[in-house]
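Everything below concerns the one structure shown next.
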Amino acid sequence: MLAPGTTRDENYGSISAGGRGERSVWIAIVVIVAVFGILMLLLVPRSEDGDDGPLPRDVETRLLLGESPEEIDREANASPDHPDAP
């Protein structure tokens, strides 16, 4: 005699408890999809709207050597080939 809420599994001849195994499979799938989504958010680079591309080598070098970004920006805007120059 089977306990209430249990069924006999025809494939294996064992007794399963009313879909508990199926529920845990769905929970596992949801957890795997959630972890995959979080990893994708963290690992995939995002394209930003204001992305101007990489810095010129001389500007990058000056920043790495500790020069002030404001000073570098002022000098770049004062150059005659800059589009915003007067």
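Residue indices begin at 1 and follow the sequence shown.
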*So does Arg57 pair up with Glu60, basic N to acidic O under 4.0 Å?*
no

*Out of curiosity, does Val44 fall in the hydrophobic cluster containing Phe36 (side-chain heavy atoms, cut-off under 4.5 Å, transitive links)?*
yes

*Shared ILVMFWY cluster between Val31 and Leu39, side chains joined below 4.5 angstrom?*
yes

*Report yes if the side chains of Glu70 and Glu75 come closer than 4.5 Å at any heavy-atom pair, otherwise no.*
no

*Nearest-0.5 Å distance that lies between atom CG in Leu63 and atom CG in Leu55*: 6.5 Å

